[in-house]
Amino acid sequence: MNKFFRKTSALTAAVIAAISVTACGGDSSVGNSESNGSSAPNRNLTVNVSSSLVDFSKYKDTKTTDIYAWRGPTDFSDEQWRWFKESGINTLIMDSGLDGKRGAQFGSASQEEYIEKCHEHGINVIGYTNGNVNTNVKDYKNSDFYSTIKGIDYTDEPPISEFEEIATAIPDFSAKYPGGKFFVCMLSSGASAKHLGTTDYREYANGWYDTVLSQLPEGMPRIFATDIYPMHDDKKYGYDYVEETWLRSLAYLGEIKIAHPEIVLHMAMQSMSFGFAENTSPRRLPSEADCVFQAYVNMAFGFTEFSWFTYSSPELDEREFGEEHISMIDRSNQRTTAYYGVKKANELIYDLDEVMMSLTWRGVYPITVKSGTNSEKMDERAIKYLNSVKSVILDESDFNVIKSISANGNVLCSQFTDENDNEGFMLVNYGDPSYEKSVRVDAEFIDCDKIIVYRDGKASVEDIENGKWSENIPAGKGVFIVPYKK
């Protein structure tokens, strides 16, 4: 898969040089803790030492993610398609036609126009059946643009009662598009029992895996996708805030990922404003900080594939979309601030993808600090809901190289391991970015004197003094760290 940014390797030359040092390997470090001021008997000194670290840059051409968009350009001019590609989106879900309306079926003339345009500009496509579980989709195997079609989206947010019917489309799809993406965007745990078809979200999520994903042929990607649009404005309650059920939904899917490591977790992220206060809590047009924040939080739960809802502004209706609601491209076909925010978030995702796709997510250690503001009380509630998914909640005793970690604000500390069992940690400032509140994280490490820090997707190697390290994380951002012993 070609990326549409000139990718800066997430592992800098300095980091590669640090990893290549083997003269001071694991054996020579054992028992030498005087220089960093911290030691513990359970520290495994075969990992997180310079000789065991993984050079992720070796995967930069083989581990690369896909970033989709819903509702493509409604103008076929070359300029519009150049903007689409320059945003960093490399795949279009063909869920609407040129008029912005949904309803076109995979194989229709309307969708073929999109496929041809995407093929011309080097953009992949996911076909769309608009909820019609078609067990005999059109086969483009003999067409010039067959390689452009990467999968088919069969339906959207189905209840549990529809899972068996959806599974009937697998034999036809896998025969015509072997290795393709059998895509369905699922409901999150924030959905009501009426829509889920059950009061137990685990039953819903596990049912999807057992009934559908596990039935996909060997070698076909098993994508578990959902959509969460977490950035609320102040129209309902008088203050901006982040959706309080978001983290719990991520935790449930992280639980599925731990049970079935072959799953690719996909998040459809918010790139538009929508909703009326009389029937919902409206979402705001995401800022650059909001877009980057969504990427960091989702990556902190092991998500490695993404989409944006939406690229073009949707057609007007009386339920969700008014004249004031826009997306990355407004109704005059001009770029909005959300376009540039998504572009920045995509740059981050691409800078980190060979790292994040090479790791195994182990769980999350939430750090919470009580506060008096309404928005932060919402964040505290979100972390309370997260803590209810106990199977993915860690504490400091679960870490090999962290002795203690604290913060003066809400922080997600997610644990990952690489192919050599080295630990890395994603630290995310969890709070509404619109309040521009940074947090300070203080950590004490066990037998570590160096740390690789990825800020804004770029890596640097720094010293750890006496086993202690601190970082100020700006609003809407995170850092990925790998502490180690030289």
Side-chain angles (χ1 to χ4, degrees), residues 1-5 64-131 137-138 140 143-156 173 177 179-185 221 223 225 227 264 266-272 291 305-315 326-331 333 335-336 338-339 342-343 345-346 349-350:
M1 185 72 61
N2 292 323
K3 295 179 182 173
F4 297 114
F5 289 114
T64 177
T65 194
D66 288 321
I67 302 177
Y68 312 0
W70 307 73
R71 294 185 185 269
T74 58
D75 181 325
F76 272 6
S77 70
D78 288 341
E79 179 182 58
Q80 291 292 325
W81 287 87
R82 177 171 55 81
W83 288 353
F84 185 87
K85 191 170 182 177
E86 287 175 352
S87 73
I89 296 165
N90 64 14
T91 302
L92 174 64
I93 296 180
M94 300 186 298
D95 63 328
S96 62
L98 277 176
D99 56 3
K101 295 182 179 180
R102 290 184 169 180
Q105 296 292 305
F106 182 70
S108 66
S110 174
Q111 287 204 14
E112 284 191 3
E113 283 185 288
Y114 263 132
I115 297 172
E116 290 174 1
K117 201 68 179 178
C118 287
H119 182 72
E120 177 185 339
H121 288 273
I123 297 165
N124 299 321
V125 300
I126 301 289
Y128 193 74
T129 67
N130 201 49
V137 294
K138 185 168 182 176
Y140 283 99
S143 76
D144 292 338
F145 46 74
Y146 178 73
S147 62
T148 298
I149 302 169
K150 298 302 180 183
I152 298 176
D153 181 350
Y154 277 87
T155 189
D156 194 57
F173 173 78
Y177 299 94
K181 296 180 178 183
F182 188 93
F183 191 88
V184 176
C185 196
I223 300 172
D227 52 358
V264 175
H266 176 114
M267 178 58 69
M269 300 188 288
Q270 178 186 342
S271 57
M272 65 174 297
C291 294
E305 190 176 271
F306 306 93
S307 57
W308 294 98
F309 187 84
T310 60
Y311 182 76
S312 293
S313 297
E315 61 182 330
I326 56 174
S327 187
M328 296 171 63
I329 301 292
D330 65 20
R331 293 184 180 85
N333 284 326
R335 290 171 289 190
T336 69
Y339 174 95
V342 166
K343 183 177 181 180
N346 290 345
I349 291 167
Y350 285 137

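Counting begins at 1 with the first residue of the sequence.
- Side-chain contact between Phe145 and Val125 is absent, with no heavy-atom pair separated by less than 4.5 Å.
- The ring of Phe183 has its center closer than 6.0 angstrom to the ring center of Tyr68.
- A donor atom on one side chain and an acceptor atom on the other are found under 3.5 Å apart for Ser327 and Thr310.
- With sequence neighbours left out, Arg335 forms a side-chain contact (heavy atoms from CB on, under 4.5 Å) with Trp83, Glu86, Ile329, Tyr339, Tyr340.
- By the 30° and 60° cut-offs, the orientation of the rings of Tyr311 relative to Phe84 is perpendicular.
- Under the 3.5 Å distance criterion, with hydrogens and angles disregarded, a donor-acceptor pair is assigned to the side chains of Trp308 and Asn346.
- Looking at residues two or more places apart in sequence or on another chain, you find a side chain to side chain donor-acceptor pair (under 3.5 Å) between Tyr140 and Glu112.
- Listed by chain and residue number, Pro158, Ile166, Val184 satisfy the side-chain contact (heavy atoms from CB on, under 4.5 Å) test with Thr155 (two or more places apart in sequence, or in another chain).
- The side-chain contact (heavy atoms from CB on, under 4.5 Å) search around Glu120 returns Asp78, Lys117, not counting sequence neighbours.
- The distance from the NZ atom of Lys181 to the CD1 atom of Ile93 is 9.5 Å, given to the nearest 0.5 Å.
- Looking at residues two or more places apart in sequence or on another chain, you find a side-chain contact (heavy atoms from CB on, under 4.5 Å) between Gln111 and Met94, Ala104, Phe106, Ser108, Tyr128.
- In this structure, Asp153 has no side chain to side chain donor-acceptor pair (under 3.5 Å) partners at least two apart in sequence or on a different chain.
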